[in-house]
Amino acid sequence: MSLSDLQPLGLDPILSIAARVARDPRPERVDFGIGVYRDAEGHSPIFAAVKAAEARIARDQRTKAYLSPLGDTRFVAAMSAAAFGEHLAFAGLQTVGGTGALHLAMHVLAATGSGRKVVLGTPTWPNHAPIAASAGLGIRTYAHRADVGGAFDPAPLLQAIATCSAGDVFVLHGCCHNPTGIDPNLAQWQDIAAAIAAAGALPLIDLAYQGFGEGWAEDQAVVALFHDAVPELLVAYSCDKNFGLYRDRVGMLTVKGRDATSGQMIVQHLAAAARTAYSMPPDHGAVVVRTILEDAELSRLWRSELDAMRARLASLRQAFAMALEARGLGQPCLSRGFGMFGMLDVAPGDVEQLTERFAIFLPPSGRINLAALTDATIERLADALLAVRA
Ligand code: PMP
């Protein structure tokens, strides 16, 4: 095949929305698509703690000489201590966002297990399956869904664990499930961890929203729980949301091996995979995060900004759930969910109508970014949903 034989690709269901919104002339248009936090004015703000850290870095940084494929190791140490606590032993490396962490993990897993499969609960973040496929890993799915009361239903996941092969990789959203917002509770996580341990499967926790769910410590409880329950664990961590550094691409991959030597060995292989893919991760975002975490005052400022975001998201979620309830469109999953996303209960065609008639943009799946709501758009979206149902 020559390059000119390549066929056009379909549009990315989420990234293509921004382009469509930008072309739309209606001033009332609202973009509920891409998952970035927005404030009440609709802006994705830069944290004041980040601005302060950047000013300090611009003043004090003396070199931009190469680091290594491990990235900024002080960042990894500070971030894993802040995220998981000093007591949890993890080896790790800096990655190009959470995506880079998942990519390295899947490529090393593909190299170490013949016939290993990646098991995904669907719906899931649309990039999980393509990353697994790009590593040559097979994929199995189960339904990630809520029960009638809107709580996570663990039955399909437990069934998938019961029927997996040893070495299969379970990608688990550590908190704030994207796109449903519905997470297992702690007792359910305990059952899931025990079942995974018994099956000899490997958990890969994707933690992209720590601090946006129930709280900073609560949002990583699943990591501590799995750390105790299984001999080997991988955590793909993103700092892009909880530090607002999206385009700076900051993340890490942390590893618990069977013992300290094995953990370091796994990291060596991950670093070798990084070396062939991009050599080294970009430094700026990691040095910003480390500067904040190593300074008590900047840390306090950052945490207070993150806490305010979490509180705003939770109150938007409840206000929107009430607005739907008031119109007879109540959805328990929305009010019981956590984090930036929820799924609107939409029929095929509803989303296109929302866009055509009301300038409301979201992906066809019905996933909405709740941070894009404001007092005014809560009512508008609820009214529009009622109208398209009529
Ligand atoms: N995992 C999930 C569940 C996500 O929602 C995202 C980002 N949308 C990522 C991973 C990737 O994060 P990053 O932007 O840091 O690569």
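Just follow the structure's listing: the first ligand is 1, and inside any ligand the first atom is 1.
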Trainee: Is Glu294 salt-bridged to Arg74, going by a charged N under 4.0 Å from an acidic O?
Mentor: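 Yes, Glu294 and Arg74 are salt-bridged.
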
Trainee: So which of Thr95, Ile205, Asn242, Thr254 actually passes side chain to side chain contact (heavy atoms under 4.5 Å, CB included) with Tyr237?
Mentor: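 Among Thr95, Ile205, Asn242, Thr254, the one that satisfies the side chain to side chain contact (heavy atoms under 4.5 Å, CB included) with Tyr237 is Asn242.
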
Trainee: Take every heavy atom of Tyr246, measure it against each atom of ligand 1, and state whether any distance is under 4.0 Å.
Mentor: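 No heavy atom of Tyr246 comes that close to ligand 1.
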
Trainee: Relative to the ring of Phe341, is the ring of Tyr209 parallel (under 30°), tilted (30 to 60°) or perpendicular (over 60°)?
Mentor: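 Rings of Tyr209 and Phe341: perpendicular, over 60°.
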
Trainee: List the closest protein heavy-atom neighbour of atom 3 (C) of ligand 1: residue, atom name, distance to the nearest 0.1 Å.
Mentor: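 The closest heavy atom on the protein side is Asp206 OD2, 3.4 Å.
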
Trainee: Considering the heavy atoms of Tyr209, write down every atom of ligand 1 situated less than 4.0 Å from one of them.
Mentor: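 Contacts of ligand 1 toward Tyr209, numbered from 1: 4 (C), 5 (O), 7 (C), 8 (N).
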
Trainee: Under 4.0 Å from a heavy atom of Lys241: which atoms of ligand 1 are those, numbered in the order shown and with their elements?
Mentor: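 Matching atoms, with element in brackets: 6 (C), 7 (C), 8 (N).
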
Trainee: Checking the N or O distance criterion of under 3.5 Å, is ligand 1 in contact with Asn178?
Mentor: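 By distance alone, the answer is yes.
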
Trainee: Going by the atom numbers of ligand 1, which of them fall below 4.0 Å from some non-hydrogen atom of Gly97?
Mentor: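 Answer, ordered by atom number: 15 (O), 16 (O).
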
Trainee: Examine Phe341 against ligand 1 and note whether any of their N/O atoms are separated by less than 3.5 Å.
Mentor: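 No.
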
Trainee: Could you check whether the rings of Tyr142 and Phe170 sit parallel, tilted or perpendicular, using 30° and 60° as the cut-offs?
Mentor: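 Answer is tilted, since the angle falls between 30° and 60°.
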
Trainee: Would you mind telling me which of Ile131, Leu234, Val169 makes a side chain to side chain contact (heavy atoms under 4.5 Å, CB included) with Met106?
Mentor: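 In the set Ile131, Leu234, Val169, the residue that makes a side chain to side chain contact (heavy atoms under 4.5 Å, CB included) with Met106 is Ile131.
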
Trainee: What atoms of ligand 1 come within less than 4.0 Å of a heavy atom belonging to Arg249?
Mentor: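 What qualifies from ligand 1 is 13 (P), 14 (O), 15 (O), 16 (O).
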
Trainee: Apply the side-chain hydrogen bond (donor to acceptor under 3.5 Å, both in side chains) test between Tyr37 and each candidate in His43, Lys241, Arg312, Arg310; give the one that qualifies.
Mentor: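 Output: one option passes, namely Arg312.
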
Trainee: Is there a donor-acceptor contact under 3.5 Å linking the side chains of Asp206 and His128?
Mentor: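 Indeed, the side chains of Asp206 and His128 share at least one donor-acceptor pair under 3.5 Å.
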
Trainee: Pick, from Asn127, Ile34, Thr99, the option with the minimum heavy-atom distance to atom 11 (C) of ligand 1.
Mentor: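 It is Thr99 that holds the nearest heavy atom.
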
Trainee: Suppose I only count heavy atoms of Asp240 and a 4.0 Å limit; which atoms of ligand 1 are within that range?
Mentor: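 Taking each heavy atom of Asp240 in turn, ligand 1 has 13 (P), 14 (O), 15 (O) under 4.0 Å.
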
